[in-house]
2 protein chains.
Amino acid sequence: MTTSEENYIKVIYHLSLVSPKGVNTNAIAGMLETKASSVTDMLKKLSEKDLVSYQKYQGVSLTENGLLSAKMIVRKHRLWEVFLVEKLAFNWDEVHEIAEELEHIKSEALINKLDAFLGFPAFDPHGDPIPNEKGVIQKVNKLLLSEAELNKEYYCIGVKDSSSEFLKYLDKQKIALGSTFKVIERESFDDTLTVEINAQEKIISNKIANNLYVQ
Amino acid sequence: MTTSEENYIKVIYHLSLVSPKGVNTNAIAGMLETKASSVTDMLKKLSEKDLVSYQKYQGVSLTENGLLSAKMIVRKHRLWEVFLVEKLAFNWDEVHEIAEELEHIKSEALINKLDAFLGFPAFDPHGDPIPNEKGVIQKVNKLLLSEAELNKEYYCIGVKDSSSEFLKYLDKQKIALGSTFKVIERESFDDTLTVEINAQEKIISNKIANNLYVQ
DNA sequence: ATTAAAATTTAGGCAAAACTAAAAATTAAT
DNA sequence: ATTAATTTTTAGTTTTGCCTAAATTTTAAT
Ligand SMILES: [Mn+2]
Ligand SMILES: [Mn+2]
Ligand SMILES: [Mn+2]
Ligand SMILES: [Mn+2]
């Protein structure tokens, strides 16, 4: 598989988690910042290689082959992110772009040795689960902070949006994985929350609350 | 720079250490396992970008720009090799291919943090020097085992050929960086050496002796 | 049920990096 | 100094991945 094919497969995988019945051409184009016509070209090639099942105008989904490939790319991406944060002291908002390149390095041995070196981590720096060698992903039940009950203790286990902007905002607010949350009040007009974060009271907009996973 | 351009620049760099007056098209093609006509195409492009100075039929050499780029690629390659051997427990004969890919990951911060993480190593697993952040390469005086004086103590500081086959042969013979050498006898007919290696007497062919650096 | 809008695909092209075959320049040999 | 051999370049294709513009299909709106 080429780097480009891998990027497509990974994007289709991520999109299929949200729309399992079939992924749209335009959605793929949007994620890859390319044009719909380019996507159509690639879908034909991926279909030829039995990585996706594709009927024109009907959207696309991963085959068993494609799904496993996607999980292996995600595995590599997330393991490299752990390496960059844990070993090289990168901040969690700096690693995605680099991992986007590192995920395409071709060596089974490399990724399994890296996994061992890191101590077989279960989650990446953004709280996303890391598929194991066979592609199995540990299922975790979590909810969005926006769905949390009032006056109940939660802690932060992940972010939904892992853009640099959002992560930097969280740094500024001193919110990190492991931070404790207790929703004190929900403003019914705009769903703004008053939350006790690490024993400090803060105002959290609905948009923010919709991008924080808690448990 | 694309991956392909980087591979060309690096090969031109390595060849120019041997033939400083100008690197031949065919030599480049040989190293990259491509055709001379492809090399000519690329030389035009590299020349356009001021990475090499090139006049047709006259061979090619690196510009100042090209030289610095080359050293940075070599730096990355060798630092990744150190990482693979020191941290991930790869054998020294397994790392070159993987480093061949890793050297193209684009991030200044990554390579400098990796350098720090590894403790600013001066040499790679094959004894080759690692250029520093500015491209400066520590000069080491060394000689080939084939040039060593009789009955004088040396130790192994590098290999000239770092192919997997040669390195595996050295493993089998229990020769590694740091091994001590004392040449007991030189057979004048074929230059075969009798060498005391780590206090064990062994017969070393001229070809082998020509690929071991000692000090 | 038509029509309008949106999504998707096709057609035709372009640039990068490779190739083969043929031409040109350089180097070596008589 | 010619001729022959070798090296290098040019010319013309191919494949991959992308593009624009136009055509087609699906979906939404009247
Ligand atoms: Mn990421
Ligand atoms: Mn990627
Ligand atoms: Mn190497
Ligand atoms: Mn390379």
Side-chain angles (χ1 to χ4, degrees), chain A residues 1-13 15-16 18-62 66 69-70 73 100-101 103-106, chain B residues 1-13 15-16 18-62 66 69-70 73 100-101 103-106:
Chain A
M1 261 209 268
T2 65
T3 292
S4 188
E5 287 171 345
E6 289 188 342
N7 283 333
Y8 273 90
I9 287 292
K10 197 183 62 167
V11 160
I12 294 168
Y13 170 73
L15 289 171
S16 69
V18 188
S19 47
K21 50 198 78 171
V23 175
N24 296 332
T25 301
N26 268 348
I28 299 168
M31 289 284 244
L32 288 170
E33 298 180 271
T34 184
K35 295 299 159 75
S37 54
S38 306
V39 174
T40 302
D41 284 349
M42 183 59 91
L43 292 183
K44 285 177 189 163
K45 204 192 318 174
L46 295 175
S47 180
E48 205 53 53
K49 292 194 179 185
D50 192 38
L51 292 163
V52 302
S53 71
Y54 166 66
Q55 290 152 263
K56 44 158 110 171
Y57 295 104
Q58 297 316 129
V60 73
S61 60
L62 294 173
S69 302
I73 302 163
E100 202 59 45
E101 290 186 55
E103 71 190 357
H104 303 291
I105 304 292
K106 305 214 167 343
Chain B
M1 262 209 268
T2 66
T3 292
S4 188
E5 286 170 345
E6 289 188 341
N7 284 332
Y8 273 90
I9 287 292
K10 197 182 62 168
V11 159
I12 295 167
Y13 170 72
L15 289 172
S16 68
V18 188
S19 46
K21 51 197 78 171
V23 175
N24 296 331
T25 302
N26 268 346
I28 299 169
M31 290 284 247
L32 288 170
E33 297 180 272
T34 184
K35 297 298 159 74
S37 54
S38 307
V39 175
T40 302
D41 285 349
M42 183 59 91
L43 292 183
K44 286 178 189 162
K45 206 194 314 178
L46 295 175
S47 180
E48 205 53 52
K49 293 193 178 186
D50 191 39
L51 292 163
V52 302
S53 71
Y54 167 65
Q55 290 151 264
K56 42 157 111 168
Y57 295 103
Q58 299 313 131
V60 73
S61 59
L62 294 173
S69 303
I73 301 162
E100 202 58 46
E101 290 184 55
E103 71 191 356
H104 304 291
I105 303 293
K106 306 218 168 336

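Below, chains carry the letters A, B, ... as their sequence lines are ordered, and counting in each starts from 1. Keep in mind that the numbers below use all heavy atoms, side chains included, and drop hydrogens, waters and symmetry copies.
Here Asn24(B) does not reach the OP1 or OP2 of dT7(D): none of its side-chain N or O atoms lies under 4.0 Å away. The side chain of Tyr8(B) places an N or O atom within less than 4.0 Å of a non-bridging phosphate oxygen (OP1 or OP2) of dA18(C).
In this structure, of dT8(D), dT9(C), dA7(C), it is dA7(C) that holds the atom nearest to the side chain of Asn26(A).
Listed here is the closest heavy atom pair of Ala29(B) and Ala36(B): CB-N, 3.8 Å. Across every non-hydrogen atom of Ile9(A) and Gly66(A), the tightest pair is CG2-O, 3.7 Å.
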Test side-chain contact (heavy atoms from CB on, under 4.5 Å) applied to Glu6(B) and Lys106(B), step by step:
CA-CA 11 Å; Glu6(B) 289 188 341; Lys106(B) 306 218 168 336; 3.3 Å; yes
Apply the test side-chain contact (heavy atoms from CB on, under 4.5 Å) to residues Leu43(A) and Ile28(A): give CA-CA distance (whole Å), side-chain angles for both, the deciding distance (0.1 Å), then the verdict.
CA-CA 10 Å; Leu43(A) 292 183; Ile28(A) 299 168; 4.3 Å; yes
Contacts under 3.5 Å, N or O only, protein and nucleotides 19-23 of chain C:
unit_1  : atom_1 : unit_2   : atom_2 : d
dC19(C) : OP2    : Thr34(B) : OG1    : 2.6
dC19(C) : OP2    : Lys35(B) : N      : 3.1
dC19(C) : OP2    : Ser38(B) : OG     : 2.7
dT20(C) : OP2    : Lys35(B) : NZ     : 2.8
dT20(C) : O4     : Ser37(B) : OG     : 3.0

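In this structure, the CG atom of Leu43(B) is 16 Å from the P atom of dT7(D), given to the nearest Å. As rounded to whole Å, 13 Å separates atom P of dT25(D) from atom OH of Tyr54(A). In this entry the distance linking NZ of Lys21(B) with P of dT26(C) reads 18 Å, nearest Å. Atom CE of Met42(B) and atom P of dT10(D) are 16 Å apart (whole Å). Taking atom CD1 on Ile28(B) and atom P on dA18(C), their separation rounds to 13 Å, with Å as the unit. One can place NZ of Lys56(B) at 13 Å from C1' of dT26(C), the figure rounded to the nearest angstrom. Straight-line distance from the NZ atom of Lys44(A) to the P atom of dT16(D): 14 Å, rounded to whole Å. Atoms CD (Gln55(A)) and C1' (dA7(C)) sit 17 Å apart, rounded to a whole Å.
You'll find the side chain of Val60(A) stays beyond 4.5 Å of the side chain of Val39(A), heavy atoms only.
Across all strands shown, Thr40(B) has heavy atoms under 4.0 Å from base atoms, whether or not it also approaches the sugar-phosphate.
The side-chain hydrogen bond (donor to acceptor under 3.5 Å, both in side chains) contacts involving residues 51-62 of chain A comprise Ser53(A)-Ser61(A), where partners must be two or more places apart or lie in separate chains.
Residue Lys10(A) is tested with Glu100(A), Met31(A), Glu5(A) for a side-chain contact (heavy atoms from CB on, under 4.5 Å); the sole match is Glu100(A).
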